[in-house]
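I have placed the structure first, in the form of structure tokens, so that the comments after it can refer back to it.
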There are 2 protein chains.
Amino acid sequence: MSSADDNSAVAREVWQLMSDLVLDNQRRRKVTEVTGMSFGRTRAVRRVAKRSMQMGELADLLGMERPNLTTLINDLEEKGLVIRKADPRDRRSRLVEATAKGKRVARKAEAILKEPPDRLVGLDVEDLETLRRCLAEASAPGGSE
Amino acid sequence: MSSADDNSAVAREVWQLMSDLVLDNQRRRKVTEVTGMSFGRTRAVRRVAKRSMQMGELADLLGMERPNLTTLINDLEEKGLVIRKADPRDRRSRLVEATAKGKRVARKAEAILKEPPDRLVGLDVEDLETLRRCLAEASAPGGSE
DNA sequence: TCAATTACTTACGTTTCTATAACTATTATA
DNA sequence: TATAATAGTTATAGAAACGTAAGTAATTGA
């Protein structure tokens with residue numbers, strides 16, 4: 001029996017446990033409740049709040065078609081959460097930027113999403129440190145979501 | 001400085017790392033692609049494939065209103081993925097059961113969702129064991145998702 | 001037994017998500 | 001400069017996700 005097989009088996013268990021912990025839909029529900037809009041809309045606002053970007057880049061990050069993003073951003077702009085600005089480098093493209101209001105909404109969402117479950121906080125500090133070390137090692141440099 | 005504060009800070013980091021790892025939208029996308037239906041529909045099939053249950057219980061698990069579940073299950077029934085059966089205990093309620101076809105679809109989805117990312121599999125066995133131990137400790141007895 | 005409750009469905013309307021085709025404006029290139 | 005490629009928008013249209021009100025059938029319990 002190879003060590004790779006051992007890894008795989010344990011990794012599957014770990015993955016299952018992690019997924020169960022993270023994929024708690026109450027969290028999504030809470031976010032839509034607090035922000036007063038869909039999770040997808042909130043996701044866009046959060047992205048833009050971190051950094052202004054072109055429509056195309058944002059569409060790619062959110063994994064949606066450009067025409068659909070146009071509609072979404074129209075909506076967010078009407079709500080006063082983002083604005084489109086001219087891109088000085090390329091007049092074809094538009095830069096999407098979060099307004100102060102948009103950033104507030106993004107912060108509210110992040111606050112909910114970043115709050116770890118009680119059960120995680122309740123672990124021993126040593127265990128948490130170990131978790132952090134291992135997960136940091138397992139994490140891609142680019143991050144996701 | 002209390003130990004609780006230390007825990008909280010590290011826990012937040014751990015949580016962030018875990019969330020990034022789990023919330024990879026490519027996975028969702030792949031599931032809808034393979035199953036040929038929305039993630040929500042697939043979620044329902046997966047639930048029922050594990051265990052037959054009443055409409056109400058399923059609606060609660062999926063976090064949706066009963067009328068909406070009725071529509072969803074109608075759709076899945078037309079697709080031949082589930083069937084409604086009489087509940088011998090209570091003739092008001094219906095038991096939703098996955099068909100063989102439904103179970104196949106559920107298996108396909110699970111196969112994608114249960115596959116841990118390469119970066120996790122690549123960790124040392126000792127680290128994986130530690131992760132498992134910690135996460136098992138942090139997991140609720142009831143599970144979620 | 002009969003009123004209240006429960007489990008589910010029907011009917012309806014709104015929002016959100018999704019994809020595609022055709023269009024304008026701008027930039028890059030041959 | 002003419003042509004192609006790019007960035008975004010408009011226009012459609014269908015599927016999916018939500019919520020509420022009102023209805024049926026079965027059960028509970030006073």
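Within every chain, numbering begins at 1; the chains are lettered A, B, ... in the order of the sequence lines, protein sequences first and strands thereafter.
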Would you say B:Arg91 places a side-chain N or O within less than 4.0 Å of OP1 or OP2 belonging to C:dC8?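 For C:dC8, neither OP1 nor OP2 has a side-chain N or O of B:Arg91 closer than 4.0 Å.
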Would you mind telling me which of [options] lies closest to the side-chain atoms of [X]?
X       : options                : value
A:Asp90 : C:dT9, D:dG19, D:dA7   : D:dA7
A:Arg92 : D:dT27, D:dA5, C:dT18  : D:dA5
B:Thr70 : D:dG8, C:dT10, C:dT26  : C:dT10
A:Asp75 : C:dT16, D:dG19, D:dA21 : C:dT16
A:Arg94 : C:dC17, D:dT9, C:dT9   : D:dT9
B:Ser38 : D:dA16, C:dT26, C:dT10 : D:dA16
A:Arg41 : C:dC17, C:dC8, C:dA11  : C:dC17

Let me know the distance between [atom1] of [X] and [atom2] of [N], rounded to the nearest Å.
X       : N      : atom1 : atom2 : result
B:Met53 : C:dC8  : CE    : P     : 12 Å
B:Glu65 : C:dT14 : CD    : P     : 18 Å
B:Leu76 : D:dA15 : CG    : C1'   : 14 Å

Using a strict cut-off of less than 4.0 Å between a Lys/Arg side-chain nitrogen and an Asp/Glu carboxylate oxygen, indicate whether B:Lys79 and B:Asp75 qualify as a salt bridge.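 Looking at B:Asp75 together with B:Lys79, the answer is yes, because their closest N to O distance falls below 4.0 Å.
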Looking at A:Glu115 and B:Arg12, is there a salt bridge between them, counting it only when a charged N and a carboxylate O are closer than 4.0 Å?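 Salt bridge: yes.
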DNA chain D: A:Thr71 or A:Arg29, which has the more 5' nearest nucleotide?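 Nearest nucleotide further toward 5': that of A:Thr71.
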5' precedence on DNA chain C between A:Gly40 and B:Arg66 (nearest-nucleotide basis):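 Mapping each residue to its closest nucleotide by heavy atoms, the 5'-most match is B:Arg66.
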Is the backbone of A:Gly80 close enough, under 3.5 Å, to the side chain of A:Thr99 for a donor and an acceptor to pair up by distance?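 A pair under 3.5 Å: yes.
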By the 4.0 Å heavy-atom rule, please label B:Arg84 as base, sugar-phosphate, or nothing.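 The residue B:Arg84 makes sugar-phosphate contact but no base contact.
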Between the base of C:dA7 and the side chain of B:Asp87, is there any donor-acceptor pair under 3.5 Å?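 Side chain to base: no pair present.
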Under 3.5 Å side-chain donor-acceptor pair for A:Thr32 and A:Ser38: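 Result is no, nothing qualifies.
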Which atoms form the tightest heavy-atom contact between B:Leu95 and B:Ala86, and what is the distance?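 Scanning both residues completely, I find the closest heavy atoms to be CD1-O, 4.1 Å.
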